[in-house]
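Worksheet for the structure shown next.
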Amino acid sequence: MPYYRLKDFIRAIRKCKTAADERTVIQKESASLRTSFKEENTDSRYNNVAKLLYIHMLGYPAHWGQIECLKLVASSRFADKRLGYLGMMLLLDENQELLTLVTNSLKNDLNHSNMYIVGLALCTLGNIASGEMAQDLIDEVEKLMKSSNTYMKKKAALCAIRLVRKAPDLYENLVEPANSLLVDKSHSVMLTGVTLIIELCQQNPENVSVFVNSIPTLVKRLKALSSGGFSPDHDITGITDPFLQVKIIRLLRYLGENNDDASEAMNDVLAQVATNTDSAKNAGNSVLYETVTTIMGTESDHGLRVLAINILGRFIKNKDNNLRYVALDTLNKTVAIDIQNVQRHRMTVVECLKDPDISIRRRALELSFALINEANVRAMTRELLTFLEIADTEFKAGMTTKICAAADRFAPNKRWHIDTVLRVLKLAGNYCREETLSNFIRIVANATELQTYTAQKLFASLKQDISKEALVLVGVWIIGEFGDLLVKGGSFEEEELVREVTESDVVALMENILNSPYANQTIREYIMTALIKLTDRFKERSVQERIKNIINTFANSAETEVQQRANEYKNLYGYNEIRSAVLERMPAPEPKPDLHSPVLEKSKPRNTSKSSRNQENALLNLLGDEPSAASSQPSQSDQTVDLLADIFGSSNLSNPQSTSPTGINTMSNLQQTTSTKSTQGSDSLLDLLGDISSPAASSPPSSMPMGNSIPIQHKSPTNTAQPPAGGYIAYNKNGFKVVMIPNQDSQNPNVVNIKIRFLNEAVGARIENLSFQIAVPKSQKLQMQSISSTQIPVNESATQLIRIANPQKTPIRLRLKVSYTTPSGISVDEISEFSGFPASLFSN
């Protein structure tokens, strides 16, 4: 049985005890409503539509009654129209085809003599208008905006906001009436007018220039609101109409952006509002916040910006969390505009890191990193490290990266930089990114004077805690590279440093890490490499055997990578003649380019020079410690080939017994070898060296499996010729110069050490992909170390170390090949000869 009144229907719904009972009642009543609608029962239509809307509010389908709402709108009774328009706003949207039937009704009601019916039509149009409806009814809305009736003007202005959103090209119809609303005495009319102008400026930035002339009117009205007396109709906690003040100030921000004259016109009133508004109540704070945002968003003067930032500083000290959050968020946007004045509130921002509200801590943390500079990096980093100890897990990964980046950018010295990163690794070593570790290793590799200090700090840290993966990886790498320096010790004043470390202590630490529950595959791989490196750093036989046993233990590891490394290192023990060369210290790694880290770009030239010194020391250690028993190795001359020919892909490799007229033999950099094209064929070698083939079987015995090492005969040093200042110029073309600085080896007079400098003096661009190859006569032997850098910026240099064994004291003749490119695509490939070394350099 149908319910005749809405109240009865609601009561029946509330009596339902289950959802099934409710659905049953809804279904029965919906069937009754459909029957009534079919019978065109006009007497009960009002009640039926009311019940239909209630069904819709409960979430049940009610779209089948849309047409009944249109019939109510067509009624002459105000109550019917009001319910019909309400039903249209609930059941229709701008995509419904039924809207075409509504347009005519809306047009008639917009011209109605009853202002309340006009208000109903404007409200409906402002909620469901489509682009086509906006085009059809814009004229009626524009006419109503010019009406003398305050009620219709504010309704029309709000409706116009919807129309201009759906049809932005209608802004020309609304500019003039919108300007007229700004001078209306009614606060509600002016509020809607300002809102409409803001929308017009957002939809089309070109409209800003149209409304700039309204700034004096807005300034005058704002000044009256902020300094006027008590107004009972508009007062909210002592603030006169804060809603209108906020809207006017926001509009001034749009009009004054990137406009000096407009900003100058509003500076005085903004200062007045900022100083006279009471901040004890939330209404006043809302006005102050909008004022600060406008000051920072316009071309205001410096004093006004200081005032705005000080207001935000007061907000941060407020007990209201919402206000503190807003202040921190605004300062994060402001710091890029005026960081100097924000710095005054640095300590207040740091205090917010202790706030129990996580959202405030997050904003304070972002602002703290933005405030770091050269002057406060020590204090700010200390505070951030303190917070890192108690920070939430979600903060730690980002904090470790940002703290290390700040240290990399603003570090006052290298020692502080290293200490800071070590502190980060101790506190949050399980949250550090790989880039942080590689960057720290680069710093230590370049800081030669701090390598012992860093190794001791890491050793002491690992003795205390091995649960932090990043700390373990860095510590194992550093100790493996600089274990000999760790054992030697240093004169440091820190109490936490280990004064005396034995070789056995280092190996015991490695075993402790391997046996700990924190050891994973990556850590085991690092330790395998560190231990084999330490076999070249440590001298005690018992330690050597201990390391060998550890490596043998992992030769059958279930982890493929660990097993492979262990077996490779195990086999390396059988090649004592090359083990020192393989295990020498790594050159300082080049930094990866990072557009967001100017420190990396700044430190590139420094890396090159450090790398060259490390490589120079490594090469001297390698060749100076070569065993004298190398001459007892079997001759490898029958397998030795001309490696320069191999570089150029010479076909003479198939005939190792052939000899050449000039008898030139060479060993080239393996990195250069892999980068050289093999498609040049045998003619390339013939063009370079004049039909040069591999050495004959009678070539000197080799001490290395590659058949090209230098036989060392230890004799007392004799007189050594000194090169001229700056060295000998071996190549000088196109602004690129190769300078050689020879020096007779102090341990073997038959060996000459040559330091090669590559100078980019006048190329005009950065040199890239540098490749340098050398050939020497067959009576001499050549060894080459890796070049320090294959990229040379303008006015910078790179270095390379070579050694030439010349037991017959014959003049040294070098055949050089230089290849490089520039960023513009220019490629240079030159071949030259050099024989300018004096004969006295090789005399006994």
Side-chain angles (χ1 to χ4, degrees), residues 418-419 421-422 425-426 429 437 440-441 444-445 447-492 494-520 522-555 562 565-566 568-570 572-573 576 579-580 582-586 614 617-618 621 625:
I418 291 174
D419 287 339
V421 179
L422 284 177
L425 295 176
K426 291 179 183 178
L437 307 186
F440 178 71
I441 289 174
V444 176
T448 309
E449 67 282 3
L450 294 174
Q451 289 169 353
T452 303
Y453 170 78
T454 307
Q456 285 201 338
K457 291 272 284 188
L458 283 167
F459 183 85
S461 300
L462 292 178
K463 292 285 287 184
Q464 298 175 358
D465 183 14
I466 57 175
S467 63
K468 305 296 189 299
E469 180 179 2
L471 179 66
V472 172
L473 293 178
V474 169
V476 169
W477 197 97
I478 296 296
I479 293 174
E481 284 294 311
F482 310 109
D484 52 337
L485 301 180
L486 172 63
V487 173
K488 290 180 181 178
S491 56
F492 299 104
E494 282 74 5
E495 296 181 359
E496 68 269 17
L497 293 185
V498 182
R499 299 310 175 106
E500 294 183 3
V501 180
T502 64
E503 296 178 359
S504 180
D505 292 337
V506 176
V507 178
L509 175 62
M510 297 295 180
E511 288 182 318
N512 186 30
I513 296 174
L514 283 173
N515 296 328
S516 71
Y518 306 106
N520 53 32
T522 304
I523 292 177
R524 283 189 282 270
E525 292 170 6
Y526 271 61
I527 291 180
M528 288 294 102
T529 304
L531 287 175
I532 194 64
K533 286 258 185 179
L534 292 176
T535 60
D536 190 55
R537 315 287 194 263
F538 293 165
K539 305 303 179 185
E540 292 183 13
R541 184 176 297 276
S542 60
V543 173
Q544 295 279 355
E545 290 297 324
R546 193 174 174 183
I547 292 175
K548 190 173 182 180
N549 291 335
I550 296 174
I551 294 176
N552 290 338
T553 303
F554 288 92
V562 175
R565 293 193 184 198
E568 288 175 352
Y569 298 155
K570 179 181 177 181
L572 191 59
Y573 274 96
N576 291 328
R579 188 153 56 90
S580 294
V582 174
L583 302 178
E584 65 181 357
R585 282 198 179 97
M586 293 286 292
N614 289 338
N617 295 333
N621 292 336
D625 295 337

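The first residue of the sequence shown is numbered 1, and numbering continues consecutively from there. It should be emphasised that the depicted structure is a prediction, and the values quoted were computed from it without experimental measurement.
Within the 4.5 Å cutoff, the side chain of Ile550 has heavy atoms near those of the Glu511 side chain. Side-chain contact check for Arg579 versus Thr535: some heavy-atom pair is nearer than 4.5 Å. Counting heavy atoms from C-beta on, the side chains of Leu471 and Leu458 come closer than 4.5 Å. Looking only at side-chain heavy atoms (C-beta outward), Leu531 and Tyr569 stay at 4.5 Å or farther from each other. Between Ser461 and Leu422 the shortest side-chain heavy-atom distance does not fall below 4.5 Å. Residues Val472 and Leu462 have side chains in contact (heavy-atom distance under 4.5 Å, counting atoms from C-beta outward). Looking only at side-chain heavy atoms (C-beta outward), Val506 and Phe538 come within less than 4.5 Å of each other. Put simply, the side chain of Leu425 reaches to within 4.5 Å of the side chain of Leu437, judged on heavy atoms.
When all heavy atoms of Ser516 and Ile466 are compared, the pair lying nearest together is CB-CD1, 3.5 Å. Nearest heavy atom pair, residue Met528 against residue Ala566, reads SD-CB, 4.2 Å. When every heavy atom of Ala445 is checked against every heavy atom of Gln451, the shortest pair comes out as O-NE2, 3.3 Å. Arg524 and Ala519 make their closest contact through NH1-O, 3.3 Å (heavy atoms, listed as atom of the first residue, atom of the second, distance).
Rounded to the nearest 0.5 angstrom, Ile478 CD1 and Thr454 OG1 are separated by 6.5 Å. Annotation: the span from Glu540 atom CD to Arg546 atom CZ amounts to 10.5 Å, rounded to 0.5 Å. Note that CG of Leu486 and OG1 of Thr502 are 9.5 Å apart. Values are rounded to the nearest 0.5 Å. Rounding to the nearest 0.5 Å gives a distance of 7.0 Å between CZ of Arg537 and CG of Leu583. Here the CG-NZ distance, from Asp505 to Lys463, works out to 6.0 Å after rounding to the nearest 0.5 Å.
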| said: Would Asp484 and Arg585 count as a side-chain contact (heavy atoms from CB on, under 4.5 Å) here? Give the steps. | reply: CA-CA 11 Å; Asp484 52 337; Arg585 282 198 179 97; 2.6 Å; yes
| request: Go through the steps to decide whether Ile532 and Tyr573 satisfy the test side-chain contact (heavy atoms from CB on, under 4.5 Å), and finish with yes or no. | output: CA-CA 9 Å; Ile532 194 64; Tyr573 274 96; 3.9 Å; yes
| Leu473/Ile523 under side-chain contact (heavy atoms from CB on, under 4.5 Å): CA gap, chis, key distance, verdict | CA-CA 6 Å; Leu473 293 178; Ile523 292 177; 3.8 Å; yes
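Of the possible polar contacts, none joining the Asp536 side chain to the Lys533 backbone as a donor-acceptor pair under 3.5 Å is found. Counting only distance, with no hydrogens or angles, the side chain of Asn512 and the backbone of Ala508 share no donor-acceptor pair below 3.5 Å. Between the side chain of Ser580 and the backbone N or O of Asn576 there is no donor-acceptor pair closer than 3.5 Å. No donor-acceptor distance shorter than 3.5 angstrom exists from the side chain of Glu469 to the backbone of Gly429, with no hydrogens or angles considered. Glu503 contributes no side-chain N or O that, together with a main-chain N or O of Val487, makes up a donor-acceptor pair within less than 3.5 Å. One N or O on the side chain of Glu481 and one on the backbone of Met586 form a donor-acceptor pair closer than 3.5 Å.
Surrounding OH of Tyr518 are at most 12 heavy atoms belonging to other residues, nucleotides or ligands under 6.0 Å away.
Side-chain atoms of Asp419 and Tyr453 include a donor-acceptor pair closer than 3.5 Å.
The residue from Val474, Ile527, Leu509 that alone fulfils the side chain to side chain contact (heavy atoms under 4.5 Å, CB included) condition with Ile479 is Leu509.
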